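Below is one structure, written out as structure tokens; the observations come after it.
Predicted, not measured: the structure shown is a model, and the values here were computed from it.
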Amino acid sequence: MKKFKNILLILLITILLAACGKSVEPKTNGDTEVVTEADNIKEEKKDEEKVEEKAEIDELTGMEIESEEEIKFAKSFDIKYLKDGFVLIDMKENSESLLLVPEGKEAPKDIEGLKIIQKPIERIAANSTTDVAMLKAIGELDKVNAVTTDKGDWYIDGIDERIDSGDICYIGKSTSPDYELLQSREPDIVLLVSSQTEAFQKVRDKLTEIGLNWSNVNNNIEDDPRGRIEWAKFFGALVDNREAANKYFDEQINKIEEIESKTKDITDRKTAAYFRITKDGYTVKKADDYSVKMLELAGADYGLSDIGEDTGITKVSAEDFIKMAENIDILIHENMGAYITNMDELLEHGDHLADLLAVKNGDIWTTDKNYWQSLDKSADMIMELYDMIYGEDTPDDLNYYHRIK
């Protein structure tokens, strides 16, 4: 009887200990621990604390970062996808950063120094043709409802038709738009050229005055063509199409890498350079300009590498240009200013041009009218440059360039 009572006592103590959240020593085979509800709660709290410790907080918004867009080449923006669907586009130069607020939510009241844009963005007024090209590249052309380039001057398929149908409205020149007409289009955002001229500053001030959201698009200050096309990710963030933007960008980069694989073993590289003819001389590209990088990606050495670093163009006299360009293998005239289509038109600007090596060898080209509206086709343009420089039996008329004859 005493032994039976002892067994009952042990069982009772075991039950009481379990009820109090204590663990019981070896059960069944001596290797399994009994984990109580209290232990589970403690572990869950530890896990929560670990998550809180790892959560990265954005300095501009104070909000938790869920992910960051990988930016490989562009230097003038970053994108952070924040908790609860907020998106921060951190503009590095020439514009306020944007906080995109999900539909049905409000931005935190204590945020300063950010332009607050309510999503969804369904109507976009585009100040630049390249913005339209990039939106078309990611399948979002239907969101463009106002432009500053009129019908007949477009080389992007579908724009003239959309102007005719009223889906897109021409609102006047980029530096002096019809503000009443623009307001009637009710754009969710107005995309502006990144220019610091007084004319564009007046446009920005006026848009702020009448209560329209705007943002500069700084792709024109990128010094690498891959950085310029990476701005697709900016547009993807604006219109909630991150997947399409990344797909487009990856496809372009893959094409460029294929071209690089063709040129990596070339030892006897040809020289090439862009130029423009102006009223009072010539302009050439500085060594760090994006178009020079396009030539280099196509396998050429820049023929005017001594012109100076930095981006953009620099003016030179006719005499200096002839000296600099005399022995360059490939010359490409950019059709801005003097518009040239054939050799007679070229030589109207000076018989001295006939002495250039590229002219003598028939290796002088010019850009076509669609060139300036084809940012989204940068990889294809680099491929055509490769064909112009190293191709055999390259046709005289390509998609973005043609030979001056």
Side-chain angles (χ1 to χ4, degrees), residues 60-61 76-77 79 85-109 111-136 138 140-151 154 159 162-163 165-221 231 233-241:
L60 290 176
T61 63
S76 51
F77 76 99
I79 301 173
F86 289 83
V87 181
L88 174 66
I89 303 178
D90 187 3
M91 307 288 274
K92 303 296 185 182
E93 297 184 53
N94 300 345
S95 188
E96 290 179 90
S97 295
L98 311 179
L99 181 64
L100 308 181
V101 180
E103 188 174 11
K105 294 185 181 292
E106 294 183 358
K109 295 180 180 179
I111 289 180
E112 297 180 358
L114 296 178
K115 191 180 292 291
I116 308 299
I117 310 290
Q118 193 73 44
K119 295 196 296 182
I121 294 175
E122 300 290 350
R123 298 177 298 277
I124 297 174
N127 191 270
S128 170
T129 59
T130 57
D131 298 344
V132 177
M134 296 304 284
L135 285 163
K136 186 174 188 292
I138 64 171
E140 298 290 350
L141 182 61
D142 62 331
K143 289 185 168 55
V144 178
N145 79 340
V147 293
T148 58
T149 298
D150 205 354
K151 179 185 173 183
W154 284 95
I159 302 300
R162 291 179 68 82
I163 291 175
S165 69
D167 292 330
I168 293 178
C169 177
Y170 171 64
I171 57 171
K173 295 181 179 180
S174 57
T175 54
S176 56
D178 182 330
Y179 291 103
E180 289 187 6
L181 184 56
L182 174 58
Q183 283 182 293
S184 73
R185 303 299 292 177
E186 299 182 338
D188 297 309
I189 192 167
V190 181
L191 300 178
L192 300 176
V193 174
S194 176
S195 171
Q196 299 308 301
T197 63
E198 182 179 353
F200 276 106
Q201 187 55 52
K202 286 182 178 179
V203 173
R204 286 188 279 269
D205 291 343
K206 184 64 177 180
L207 292 176
T208 300
E209 177 187 324
I210 63 178
L212 291 181
N213 291 318
W214 59 268
S215 176
N216 286 340
V217 179
N218 297 331
N219 53 18
N220 63 309
I221 68 175
W231 270 80
K233 297 176 182 179
F234 166 87
F235 294 102
L238 277 184
V239 298
D240 276 334
N241 203 343

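- Atom CD1 of residue Ile79 and atom NZ of residue Lys233 lie 8.0 Å apart, to the nearest 0.5 angstrom.
- Remark: side-chain polar atoms of Asp167 are not paired, donor with acceptor, to backbone N or O of Arg162 under 3.5 angstrom.
- Across every non-hydrogen atom of Ala126 and Val132, the tightest pair is CB-CG2, 3.7 Å.
- The shortest side-chain heavy-atom distance between Asn218 and Phe234 does not fall under the 4.5 Å cut-off.
- Here the CG atom belonging to Leu141 is positioned 10.0 Å from the CD1 atom belonging to Ile124, to the nearest 0.5 angstrom.
- Residues that satisfy the side-chain hydrogen bond (donor to acceptor under 3.5 Å, both in side chains) test with Ser195, not counting sequence neighbours, are Thr197.
- Side chains of Trp214 and Thr208: a donor-acceptor N/O pair is present below 3.5 angstrom, by distance only.
- Residue Lys109 holds its NZ atom at 12.5 Å from CD1 of Ile111, rounded to the nearest 0.5 Å.
- Here the CZ-CD1 distance, from Phe235 to Ile138, works out to 8.0 Å after rounding to the nearest 0.5 Å.
- At least one side-chain heavy atom of Glu122 sits less than 4.5 Å from a side-chain heavy atom of Lys143.
- Screening Leu207, Leu238, Leu212, Leu100 for a side chain to side chain contact (heavy atoms under 4.5 Å, CB included) involving Ile189 leaves a single residue, Leu238.
- Judged by distance alone, with hydrogens and angles left aside, the side-chain atoms of Asp188 form a donor-acceptor pair with the main-chain N or O of Arg123 at under 3.5 Å.
- Of all heavy-atom pairs spanning Asn127 and Asp131, the tightest one is N-OD2, 4.4 Å.
- The shortest heavy-atom contact between Val193 and Ser128 is CG2-CB, 3.9 Å.
- Scanning for side-chain hydrogen bond (donor to acceptor under 3.5 Å, both in side chains) contacts around Ser97 gives Asp90, with sequence neighbours left out.
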Working note: Ser194 + Phe200, criterion side chain to side chain contact (heavy atoms under 4.5 Å, CB included); need CA distance, chi angles, decisive distance, verdict.
CA-CA 8 Å; Ser194 176; Phe200 276 106; over 6 Å; no
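- Looking at Asn145, its side chain does come within 3.5 Å of a backbone N or O of Arg185 through a donor-acceptor pair.
- For the residue pair Val87 and Lys119, the shortest heavy atom distance occurs at CG2-NZ, 3.9 Å.
- Checked against side-chain hydrogen bond (donor to acceptor under 3.5 Å, both in side chains), Thr148 has no partners two or more places apart in sequence or in another chain.
- In this structure, the side chains of Thr130 and Trp231 stay at 4.5 Å or more apart for every pair of heavy atoms.
- Scanning both residues, Val203 and Pro177, for their nearest heavy atoms gives CG2-CD, 4.2 Å.
- Looking at Ile89 and Ile117, their side chains never come closer than 4.5 Å, going by heavy atoms from C-beta outward.
- Here CG of Asn219 is found 9.5 Å from CZ of Phe77. Values are rounded to the nearest 0.5 Å.
- Ile159 contributes atom CD1, which lies 15.0 Å from atom OH of Tyr170 (distance to the nearest 0.5 angstrom).
- Looking at every heavy atom in both residues, Met91 comes nearest to Glu96 through CG-O, 3.4 Å.
- No side-chain heavy atom of Phe86 sits under 4.5 Å from any side-chain heavy atom of Thr61.
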